[in-house]
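Please read the structure below before turning to the comments.
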Amino acid sequence: MTKIQLFLRLNRIKNFSDTLFHRIFVQDMKMENETVSKILDNLNPEQCRAVENYDHTALIIAGAGSGKTRVLTHRIAYMIEQGVPVRSILALTFTNKAAREMRERVDALIGERSRYLWLGTFHSIFAKILRFEGKALGYADNFTIYDQEQSRTLIGKIIKEMNLSDETYKPRDVQSRISLAKNNLITSAAYEANASLVGQDREQRRPHIFEIYKRYDARCRAANAMDFDDLLVNVNILFRDFPEVLAKYRDRFKYMLVDEYQDTNYAQYLILRRLASGEGGSRLCVVGDDAQSIYSFRGAKVENILLFRNDFPDARLYKLERNYRSTQTIVNAANSVIDNNKHKIGKQSYSENDFGEKIAVLRAYTDSEEAQMVASAIRTSVRSAGIGWDKVAVLYRTNAQSRALEEALRRNNIPYRIYGGRSFYDHKEIRDMLAYIRLIVNPKDDEAFLRIVNYPARGIGDVTQGRLRTLATEHGVSIWEALASLTPESPEWKTLGAKVKEFVALISEISLSRTDKSLYEFGLMVATRSGILNALTLAGPDGADAKANVEELLNSMQEFTKEKSQLPAEEGEPTEPTIEEWLQNVALLTDMDKESDGAARVTLMTVHASKGLEFDTVFIVGLEEQLFPSLKSMGDEAQLEEERRLFYVALTRAERQATLSFAQTRYKWGNTEFCRPSRFLKELDQRYLDIRFDPDEDNEENPLERLRRQHSENSRSSEGGYGARRYGGASGSRYGGYQPKQAAKPQPERPRPITPANPASLRKIGSPSGSAAAAAVPLDAPKVGDRVIHAKFGPGNVVEVEPLATDLKVTVEFDNPSAGKKTLLNKFAKLQRL
DNA sequence: CGGCCCCGCGTTTTT
DNA sequence: CGCGGGGCCG
């Protein structure tokens, strides 16, 4: 402690002479006297060096919680104070959230000058560059950005049009194949010529992928659209084929800073290298941690950080190894797991904080019990530590795990917020709204046209749509362009039905009005004139959530206008945002970016989504083999190591307290599966664990017995009346059902009991046969030849029994000929022996 | 042409 | 279990 203080002091003295000149200089620039010292204050010696030496290429290896954002933001602030023009700095992050946080922190250090800083995600910055420069590549500046959903839909359509089976060519797989190629800058032509890729496809019996890729590219281009990967690919092509454009940006961005460098893929890496190489290339400063590389599945290359100094031999290396975030217990425990990885840079993360509490390990029989235990533990923690709900996070490997947790939290009246999973922008009504706007902004976007030409229903069906497409093909333009080019005199116009003409008039009307309206007014017009708002109103209660979502979208337009006027992207740029800008911004947003309403809530998210965040108390759930580590990583050492890094990321989110849990059975696809505890639990140095169950306790209880008991427990708990509604809240946003505490007063609104007035909640709860079956004997293990009765199909004979992992498959020949022979799962069939 | 019903499939992780 | 797509009927 004292050593470090001394070190700091010496360092400060050394710095002083270096910075004296700048202080005087800076004071001349009307800076607050204290600012310089403030920026170098509160940095440890290594951090300080990384900030001061901003004029050198730098590789900063920053362990979890070691203050990497701090270094980045201080480096930016310091540079600006040293007189580096704001416009010559480019800072890149992976997520909007990280970008926003960085901007806030830079802003806090140097004030409003930060507003002209180019700071954003790779994708948003590159989209911006392409908006300015895309012409060179044949794109108009109003190009559409397809998110993965839209791109997958288009790929699916192409597969169908090519008469390929979507069994062998699953759009999802084809998309990931194309994405992989694009990440590595392999064009469709190059793909076709690439023996290795084509060979792999052959082996998988999918030899036509390159052709799908070709057509997909052609379609995107014709629609003036780019997918996420294209944003990177096209900037590469731009910089490769147009040296003058590259020179322009290289001259402009004298300094580049990159966050989470370990997650860059080849395309991103090459763009950075292009800008940073050569005489007068940008000074590149990258920050990352190989131990937190968790995105190789989407093309990230850890090698980029491992080999950075080969690419930039004069780079200075800084290692930030002290973790300021977590207790020693957490840091040491995390290290003990990551030590099992062979593939890593030597870096010793350490903490000088308290030892803190041990890491609790909980065992549950079922996933729902696990959720309940976590909910109770959250209550206990929050109460004993006196912290707010928002200091707690529950992290899981897959989004699917959130459901059980949500239910438990709601049941325990714990406020929560879920990130990820189905995002706001995935809702149909939002996509519909966006499709209208996309079509108006970009008339080449046929996908948008086809999506909304008959929504809300206006009598323009498949046949008519087919004719319109033919019309467009004949003219060699998009559908809307073809329609818009027709005059009332042209013979083709006369062949159109009245309904199509009305649609043309509608879109023209909205389109014409956009110049003299604010963003919000325009959005409102789209919502009303399209008929979307009306259709949702007519849908009654079913449409209420959707309607609220549309309203929220409109609000976000106002919000965007407000932000934009505070934050012009460029000096001299108009502050009134255009619809194009809004649309491109929205295309790059995710659920993570929705701002919270300020209420303190427990955070639920995947481990991936939690990277870069920190919480006082963290629960990591579902620590089971084949879940975490995931089934798909098993058997592949590299992927297993990535899972281990993922676990490392999860554990190092915790500042003070971490709890790990696993269940012994888990519902999967409507089936109960048995699980074994994760290997990561065994790899953890046991000294740091507080195991809250008896490991010697008999684990080998008769599985059937346990299953039966769980089953009755489950049906009992589901009778509590918490219906299947997952998302409360009118907006459809995923805020948890939370009642402000009202002492012991009854809560009239929720949870809703099942009453006959609410028949929907009765759906599928409990046995359909009800008490009528009580007379018969429950049948646990049916045998061939048994005479049984089924609630719906009546009596019959068991003709076949096949044991499954966790259940029995029973085939019954029913007496009733209309029921015939049926194969049933014993667990659900509720057969009774006669 | 639209609405309804049934079937089949999905679970890694995300800009 | 829940959603989306496809098929069938009105």
Side-chain angles (χ1 to χ4, degrees), chain A residues 92-99 120-127 145-149 151 153 156 160 166-167 170-172 175-176 179 182-183 226-232 260 263-265 267-268 293-300 395-404 407 419-423 425-428 454-465 497 499 587-593 605-611 622 626-634 639 642-643 645-647 649-650 666-673 714 718 724-727 763-765 828:
Chain A
L92 296 165
T93 66
F94 273 82
T95 64
N96 297 303
K97 199 173 195 312
T121 64
F122 275 95
H123 289 83
S124 72
I125 295 286
F126 293 165
I145 299 172
Y146 284 164
D147 64 27
Q148 82 276 14
E149 185 73 34
S151 114
T153 308
K160 225 171 251 168
D166 55 7
E167 286 293 302
K170 292 191 178 137
R172 191 179 267 279
Q175 184 188 35
S176 86
S179 176
K182 287 189 180 178
N183 285 167
M226 301 187 201
D227 65 21
F228 286 160
D229 301 320
D230 288 333
L231 296 172
L232 311 184
E260 307 281 16
D263 287 333
T264 49
N265 62 28
Q268 289 159 329
S293 153
I294 55 175
Y295 282 110
S296 77
F297 70 92
R298 71 168 201 222
L395 308 181
Y396 35 79
R397 180 64 180 80
T398 67
N399 280 306
Q401 290 165 256
S402 69
R403 177 169 312 169
E407 276 168 22
Y419 289 83
R422 205 179 156 203
S423 100
Y425 300 97
D426 279 343
H427 284 100
K428 183 187 175 310
N454 200 32
Y455 180 83
R458 45 175 77 87
I460 304 174
D462 285 349
V463 178
T464 311
Q465 288 178 31
K499 290 162 178 170
L588 296 171
L589 288 181
T590 67
D591 193 50
M592 293 283 294
D593 301 313
M605 57 169 62
T606 63
V607 181
H608 281 91
S610 76
K611 195 163 72 157
Q626 314 206 339
L627 180 61
F628 199 179
S630 89
L631 176 63
K632 305 211 174 180
S633 68
M634 302 239 160
Q639 288 187 55
E642 179 147 318
E643 294 285 312
R645 292 193 293 269
L646 194 54
F647 179 69
V649 167
R666 186 171 290 279
Y667 263 118
K668 244 178 193 176
W669 301 303
N671 260 328
T672 306
E673 310 228 318
N714 284 346
S718 65
R725 292 191 42 157
R726 267 193 85 193
Y727 312 131
R763 209 162 46 91
K764 286 196 178 170
I765 291 177
F828 297 117

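All chains are named by letter (A, B, ...) in the order of the sequence lines, taking the proteins before the strands, and each is independently numbered beginning at 1.
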Exercise for the section: For A:Arg645, answer base if it contacts any base atom (sugar-phosphate contacts may also be present), sugar-phosphate if it contacts only those atoms, and nothing otherwise; contact means non-hydrogen atoms under 4.0 Å. Expected result: nothing

Exercise for the section: Mind checking A:Leu627 for me? I need base, sugar-phosphate or nothing, with any heavy atom below 4.0 Å counting as a touch. Expected result: nothing

Practice task
Name the nucleic acid region contacted by A:Phe228, choosing base, sugar-phosphate or nothing; use a 4.0 angstrom heavy-atom cut-off, strictly under.
Solution key: base

Exercise for the section: Compare all side-chain heavy atoms of A:His608 with those of A:Phe297 and state whether any distance is below 4.5 angstrom. Expected result: yes

Practice task
Quick one: label A:Lys160 by what it contacts on the DNA or RNA (base, sugar-phosphate, nothing), any heavy atom closer than 4.0 Å.
Solution key: sugar-phosphate

Handout entry: Validation row: A:Tyr396, A:Thr606 side chains within 4.5 angstrom (heavy atoms)
Key = yes

Fill in the blank from the handout: Whichever of A:Thr121 and A:Lys499 has the more 5' nearest nucleotide on DNA chain B, that residue is A:Lys499

Handout entry: Beyond-backbone contact of A:Gln268 with A:Leu232, side-chain heavy atoms, under 4.5 angstrom
Key = yes

Practice task
Give a yes or no on whether the backbone of A:Leu231 and the side-chain of A:His123 come within a donor-acceptor separation of less than 3.5 Å.
Solution key: no

Practice task
Just call it for A:Val607: base, sugar-phosphate, or nothing, with non-hydrogen atoms closer than 4.0 Å on any strand.
Solution key: nothing

Handout entry: First encountered from the 5' end of DNA chain B, between A:Thr95 and A:Arg458
Key = A:Arg458

Exercise for the section: Determine the contact category for A:Asn454: base if any of its heavy atoms lies under 4.0 Å from a base atom, sugar-phosphate if only primed atoms, P, OP1 or OP2 are that close, otherwise nothing. Expected result: sugar-phosphate

Practice task
Identify whether any heavy atom of A:Gln401 sits under 4.0 Å from a base atom; if not, whether one sits that close to sugar-phosphate; answer base, sugar-phosphate or nothing.
Solution key: nothing

